[in-house]
Amino acid sequence: MNNSEKYMKLEDEYTLQTYARFPIVIEKGEGVYVTDADGKRYLDFAAGIAVYALGYGNREFNEALKKQIDLCIHTSNLYYNEPASLAAKAFCEVSGMDRVFFTNSGTEAIEGAVKSALKYAFSGDKKDDHEIIAFDHSFHGRSLGALSVTGNPHYREGYTPWEGRVKFAVYNDLESVKALVNDRTCAVIMETVQGEGGIHPADPDFIKGVRKLCDEKGLLLILDEIQCGLGRTGSMFAFEDYGVRPDILTSAKALGCGIPVGAFAMTQKVADRSLKVGDHGSTYGGNPLACAAVCEVLNLFEKTDIVSHVKSLTPVLEEALDGIAKKYPGRIKERRGKGFMQALEFTAPVADVIKKAQQEGLLIISAGANVLRLLPPLVIEKEHINEMKNILDKVISAD
Ligand SMILES: Cc1ncc(COP(=O)(O)O)c(C=O)c1O
C-alpha cells in the first residue's frame, strides 16, 4: 500500500461519506502545481475550486500568516483586532461597499446576505413573510438558508425549508424575473457568473435590467461573487464589467486564498435599515488569522496587479480552448466563460476526460455532467496554458 492508499483508506473508514473524491491525496503545492503523497505532480487548473488565486506557496502570503500566528490567531468578536479593522477597510475600498461582515465560508456569507435583505424589508413594513427571487441552476451553498436560494434540485431535494418564499426565475431571462415580483418580494439574489450551474456569464442587458427592476420596485440586488469575484473574470469584481453595483455583495474562496474566510458587504443605505447589534454573529468570523489573510491577499492583488494579468492573458486561454473546441466539433458543443472562469461543454459526460487528464498530470473539474470547468490560479502564464492544452488534446484524441 503506498502513502496515498493509506490515507484514502483512513478517510473511507472514518469520515462521513459525503464526497465523491478523486483518488488523489494532495500533499503540497508550489506555484500552479501540486504534488501528491507519492510524489506525482499535477498542473492545477482547478485551484481548490477557485480558491488559490495567488498560486501555492506564495512566500509573502505565507510570511504574513506566520507573523500573525505568532501574534494572535483568535480574539472572539467581544474585542477589536487590528487585522479585522484593516481587512474591513481594504475590502470596502476594493468593492465599493460601505460595510462588511466577515464569515468563515461562502455559505455563511450567503446566510448573512439573505438575513440582511429580510431584515431590511422587515424594518420597512414589519412584515415577516417577504419573498426572494433566485435563479434556476444557481448555487449558493449547502446550509438550509443557502440551499433555499439554490436553484438546483439535486442539492435541494429533501431540504427546502423556505418552500414558497423563494421563487426561481430563469437566468438571463428578464421577463421571467419580472413575472415573479409581487408586493412581498424584497430581493433578487444571483451569481454574476453562474459557476456550479455550468459557467454562464450574465448577459449585459439582463443584469442591467435586473438592476433597473430592483430600483423601480424597491428590491435589493444581492450579487454572489463567491466564485466569480476577486479577479477571476478579469475585473476585481465581475459586476464592474457590467456597470452595475449590488446592494449586497458576497465573497469568499479567493478572499482567503486557502484560509477559510468569507464576507458579505452592503451599502450604507442597506446597513441603516438592516442588521443591528445582536442581530448576527460568529465566534470565528473575522478572526485575526483569517483577516491577516484577507489583508495580504488584497495587498498582493494590488501590488502584482493580478487583475490586469488575468485580463491580458484571457485571450490566450480562450484561444487555446477555442482551438480544442474546434478540433473536436462532434464532442464539444461550445466554449464559454469570462476571464479565468471557463467551460467546455461536451456532448456527453466529462467524468472520463477528467480522470484521464489526472492520469496525465492535469487537474480540471466539472460543472454539471457534460461541462468541463477550468478555474486556474490567477498567476498562470502562457506556458501553463500550453501545457493544459496539450494534455487536454491528448486525452480527448485518445478516446
Ligand atoms: C457562487 C457560490 N456561492 C456560494 C458558495 C458556497 O461557498 P462555500 O463552499 O465556501 O461555503 C459557492 C461554492 O462553491 C459558490 O460557488
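Everything numeric here is computed off the predicted structure, so don't read it as measured data. Start at 1 with the first residue, then count along the sequence.
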Looking at side-chain heavy atoms only, is the closest gap between Leu362 and Met388 below 4.5 Å?
yes
Tell me, which pairs form a ring-ring contact (aromatic ring centres under 6.0 Å, His included) where one or both residues lie in residues 306-361, sequence neighbours left out?
none
Can you check salt bridge (Lys or Arg N to Asp or Glu O under 4.0 Å) on Glu93 and Lys89, steps first, answer last?
CA-CA 6 Å; Glu93 283 177 357; Lys89 179 171 186 280; 3.0 Å; yes
Are the side chain of Arg184 and the backbone N or O of Ile132 linked by a donor-acceptor pair below 3.5 Å?
no
Per salt bridge (Lys or Arg N to Asp or Glu O under 4.0 Å), Glu318 is matched among Arg335, Lys338, Lys311 by Arg335
Inspect the surroundings of CD in Glu82 and state if more than 12 heavy atoms from other residues, nucleotides or ligands are less than 6.0 Å away.
no
In the structure I gave you, are the side-chain heavy atoms of Val371 and Arg336 within less than 4.5 Å of one another anywhere?
yes
Taking distance alone, no hydrogens or angles, what donor-acceptor pairs closer than 3.5 Å link side-chain atoms of residues 113-122 to residues at least two apart or in another chain?
residue : atom : partner : partner atom : Å
Lys115  : NZ   : Asp279  : O            : 2.9
Lys115  : NZ   : His280  : ND1          : 3.0
Ser116  : OG   : Gly112  : O            : 2.7
Lys119  : NZ   : Asp279  : OD2          : 2.5

Distance-only check: which donor-acceptor pairs under 3.5 Å involve side-chain atoms of residues 213-223, not counting sequence neighbours?
residue : atom : partner : partner atom : Å
Asp215  : OD1  : Arg211  : NE           : 3.3
Asp215  : OD1  : Arg211  : NH2          : 2.8
Glu216  : OE2  : Lys212  : NZ           : 3.2

Quick one: side-chain contact (heavy atoms from CB on, under 4.5 Å) partners of Asn370, sequence neighbours excluded?
Pro349
Evaluate whether atom NE2 of His200 has more than 12 neighbouring non-hydrogen atoms of other residues, nucleotides or ligands under 6.0 angstrom away.
yes
What I'd like to find out is whether the side chain of Arg142 reaches to under 4.5 Å of the side chain of Tyr159, using heavy atoms alone.
no
Applying ring-ring contact (aromatic ring centres under 6.0 Å, His included) as the test, list every pair that has at least one member in residues 18-50; sequence neighbours left out.
Tyr33-His384
N/O donor-acceptor pairs under 3.5 Å from side chains in residues 350-358, not counting sequence neighbours:
residue : atom : partner : partner atom : Å
Asp352  : OD2  : Lys356  : NZ           : 2.9
Lys356  : NZ   : Asp399  : OD1          : 2.7

